[in-house]
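Read the structure below first, then the notes.
Treat the numbers as computed from the prediction; the structure is a model and nothing was measured.
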Amino acid sequence: QLQLVESGGGLVQPGGFTRLSCAASGFTLDYYAIGWFRQAPGKEREGVACISGSGGSTNYTDAVKGRFTISRDSAKDTVYLQMNSLKPEDTAVYYCAAMEPVLLLLRLCILNEQTVYDYWGQGTQVTVSS
């Protein structure tokens with residue numbers, strides 16, 4: 001069974017940092033574009049950051065630019081979301097998602113269309129509060 005598993009998160013103070021991890025079970029993340037999404041209470045799920053299957057391209061939503069960094073470690077078959085300078089408005093359940101490799105799209109990732117992602121994790125809670 002193909003699954004994504006997120007880890008990390010928890011309770012963080014404003015201005016603090018944390019790192020989320022996304023790992024796969026049942027398949028390897030090689031060449032999959034990976035996206036991080038979040039859903040705050042009462043709000044729709046939104047794209048936060050994505051990284052292309054080749055690892056050479058990333059996109060971020062404006063609200064996190066300069067604070068969050070997405071990266072992938074092929075040796076560990078894991079994608080990370082480093083979250084710095086956290087704000088209370090970053091509080092949400094964070095999900096990672098994987099898009100099956102498409103040869104012509106290996107250098108791209110899509111952040112504003114969630115339906116292109118084929119596999120989703122169960123989510124991990126990040127709460128930013130003092």
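Using a 4.5 Å cut-off between side-chain heavy atoms of Ile, Leu, Val, Met, Phe, Trp and Tyr, with links allowed through other members, F68 and L111 fall into different hydrophobic clusters. Tracing side-chain contacts under 4.5 Å through hydrophobic residues (I, L, V, M, F, W, Y), one reaches Y117 starting from V93; they form part of the same cluster. No continuous path of ILVMFWY side-chain contacts below 4.5 Å connects L105 to V79, so the two sit in separate hydrophobic clusters. Residues V12 and W36 are members of one and the same hydrophobic cluster, defined by side-chain heavy-atom contacts under 4.5 angstrom among Ile, Leu, Val, Met, Phe, Trp and Tyr. Transitive grouping of hydrophobic side chains (ILVMFWY, heavy atoms separated by less than 4.5 Å) brings L108 and V102 into a common cluster.
Note that the CG atom of D77 and the SG atom of C22 stand 9.5 Å from one another [nearest 0.5 Å]. Here the straight-line distance linking atom CG of L20 with atom CD of E6 works out to 8.5 Å at 0.5 Å rounding. Here CD1 of I51 is found 8.5 Å from OG of S57. Values are rounded to the nearest 0.5 Å. With rounding to the nearest 0.5 angstrom, the OG atom of S25 is 8.0 Å from the CG atom of L2.
A side-chain N or O of S52 and one of S54 form a donor-acceptor pair less than 3.5 Å apart.
No side-chain donor-acceptor contact under 3.5 Å links Q13 to the backbone of V128. Side-chain N or O atoms of N59 include one that pairs as donor or acceptor with a backbone N or O of C109 at under 3.5 Å. Y60 contributes a side-chain N or O that, together with a main-chain N or O of I70, makes up a donor-acceptor pair within less than 3.5 Å. R72 contributes a side-chain N or O that, together with a main-chain N or O of L29, makes up a donor-acceptor pair within less than 3.5 Å.
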Give the C-alpha distance, both sets of side-chain angles, the deciding distance and a yes or no for side chain to side chain contact (heavy atoms under 4.5 Å, CB included) between Q114 and V116. CA-CA 5 Å; Q114 298 181 30; V116 302; over 6 Å; no
Full working for side chain to side chain contact (heavy atoms under 4.5 Å, CB included) between Q39 and Y95: CA-CA 8 Å; Q39 187 166 23; Y95 301 88; 4.3 Å; yes
Audit row: Y94, M83, side chain to side chain contact (heavy atoms under 4.5 Å, CB included) steps and yes/no: CA-CA 11 Å; Y94 284 73; M83 306 165 64; 3.6 Å; yes
Determine, stepwise, if the pair F37 / W120 fulfils ring-ring contact (aromatic ring centres under 6.0 Å, His included). CA-CA 10 Å; F37 299 83; W120 290 81; 4.9 Å; yes
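At most 12 non-hydrogen atoms from other residues, nucleotides or ligands lie less than 6.0 angstrom from CD of Q122.
Residues Y32 and M99 share a closest heavy-atom pair of CD2-O, 3.2 Å. In terms of heavy-atom proximity, P14 sits nearest to S130 at CD-N, 3.6 Å.
Residues in residues 94-122 take part in no salt bridge (charged side-chain N to carboxylate O under 4.0 Å, His left out) pair, two or more places apart or across chains. For the side chain to side chain donor-acceptor pair (under 3.5 Å) condition, the pairs that include at least one residue of residues 78-92, sequence neighbours left out, are R38-D90, R67-D90, Q82-N84.
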